[in-house]
S.K.: 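Just passing along the structure, written as structure tokens.
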Amino acid sequence: MPKLIPIDELNAELDAICLQIAAGKCIAVPTETVYGLAADASNGLAVARIFEMKGRPKFNPLICHVSDVEMARQIGEFDPLAEQLASAFWPGPLTLVLPLRQEYGIHPLVSANLGTVGLRYPVGPATKIIAACGKPLAAPSANRSGKISPTTAQHVVREFPESDLTVIDNGACSMGIESTIVKLESGSIRILRPGSVTAEMIEAATGIVPEVAGSNSDIEAPGMMASHYAPNAVLRLNQSTCPKASGLIAFGPGKDRDRCEAVETINLSETGDLAEAASRLYGALSALDEAGIETISVEPIPLTGLGVAINDRLCRAAAPKDDIT
Ligand code: TXA
Ligand code: MG
């Protein structure tokens with residue numbers, strides 16, 4: 001059984017947690033986006049355990065989490081644009097893919113030998129753990145490969161019920177959708193994965209219009225497989241009707257919904273607030289899965305601002321599962 005540590009007991013448990021990290025164990029830590037499955041990024045065996053626990057089909061690179069910008073600068077090469085993005089959005093849901101400083105000792109499994117490293121300075125108690133352990137932590141989302149990312153400690157427990165994983169319980173994640181990943185190359189910014197830090201926000205902070213990597217961004221963010229974040233149910237996107245016995249993920253006030261025959265409806269945001277919808281998306285997919293619903297219809301969600309990231313995750317959740325490679 002996983003062991004839950006309530007957030008108000010974190011201080012008392014910090015030493016024990018750092019001992020576990022030093023011994024190469026994985027810990028589930030909350031961030032503002034989703035819960036991560038974290039381990040010492042310089043310990044190859046510990047990192048390999050992350051892949052093993054997740055059942056990741058390939059050794060995709062992992063994001064390295066840091067407790068401050070100084071730690072990030074030791075691991076990756078910051079140019080002025082990286083500094084600008086870090087000061088605008090860190091701590092926060094933005095991952096910077098930068099050239100790796102080999103001498104720091106990040107294990108090659110973390111960077112998948114790409115010569116780059118994904119760096120993230122998250123909001124919340126994860127930074128306290130990283131600072132206490134004095135080491136960057138490699139952490140993918142704390143779910144089995146291809147499944148829905150966890151946004152509560154209970155979701156993590158449900159993914160790894162047989163394990164003895166320590167899970168720091170900080171309640172529901174405030175953002176609920178994974179970080180925006182950007183790659184910086186000679187003054188340009190490429191968005192490899194959309195997230196809560198939108199293209200518009202990046203442009204406003206830097207004056208640079210980011211390029212958006214196409215759907216075939218395999219080489220740039222190898223973890224971005226077509227099928228990902230997937231519930232067991234079949235997802236039908238952009239629906240305005242829903243068949244009998246299906247579930248409905250609604251969005252907005254919706255005047256005509258009374259004709260809907262869904263057995264269970266979850267509205268991501270009654271007011272049509274995209275941030276609220278993002279924070280509730282994975283919880284809604286999990287809840288409908290838990291209810292054993294086999295088909296989920298999803299109402300249209302606007303493709304603006306944070307809606308880009310929400311639609312990105314929905315498309316992946318709806319993709320044929322045999323696309324997982
Ligand atoms: O919000 C988040 O980013 C969460 C929390 C736990 O921080 N983490 C997360 O990690 O979503 P993960 O492993 O599920 O997704 C990491 C993505 C993958 O698609 C991977 O390919 C990409 O980041 N990535 C990591 N390092 C990279 C690199 N050096 N170059 C390109 N892509 C990289
Ligand atoms: Mg993930």
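We number each residue from 1, following the sequence as shown. Source: prediction; values computed, not measured. Each ligand, and each atom within it, is numbered from 1 in the order the structure gives.
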S.K.: Tell me the nearest of P61, A38, S196 to atom 25 (C) of ligand 1, using heavy-atom distances.
M.R.: P61

S.K.: Side chain, backbone, both or neither: which applies to T33 and ligand 1 if a contact is any heavy-atom pair less than 4.0 Å apart?
M.R.: side chain

S.K.: Can you find a non-hydrogen atom of M175 under 4.0 Å from ligand 1?
M.R.: no

S.K.: Which atoms from ligand 1 have a heavy atom of S179 less than 4.0 Å away?
M.R.: 1 (O), 2 (C), 3 (O)

S.K.: Inspect the surroundings of CG in D79 and state if more than 12 heavy atoms from other residues, nucleotides or ligands are less than 6.0 Å away.
M.R.: yes

S.K.: Give a yes/no verdict on whether any heavy atom in P122 is under 4.0 Å from an atom of ligand 1.
M.R.: no

S.K.: Which of these, H65, R190, R193, has its nearest heavy atom closest to atom 7 (O) of ligand 1?
M.R.: H65

S.K.: Yes or no: does K183 have any heavy atom under 4.0 Å from an atom of ligand 1?
M.R.: no

S.K.: Of all the atoms in ligand 1, which lie at a distance below 4.0 Å from a heavy atom belonging to T116?
M.R.: 28 (C), 29 (N), 30 (N)

S.K.: Out of all atoms in ligand 1, which are within 4.0 Å of some heavy atom of G118? Include the element for each.
M.R.: 26 (N), 29 (N)

S.K.: For the atom pair CZ (R236) and OG (S297), what is the distance rounded to the nearest 0.5 Å?
M.R.: 4.0 Å

S.K.: May I ask you to test the E299-L268 pair for a side-chain heavy-atom distance under 4.5 Å?
M.R.: no

S.K.: Could you list the atoms of ligand 1 found under 4.0 angstrom from a heavy atom of I181?
M.R.: 17 (C), 22 (C), 23 (O)

S.K.: With a cut-off of 2.8 Å, does any N, O or S atom of N143 fall short of it relative to the Mg ion (ligand 2)?
M.R.: no

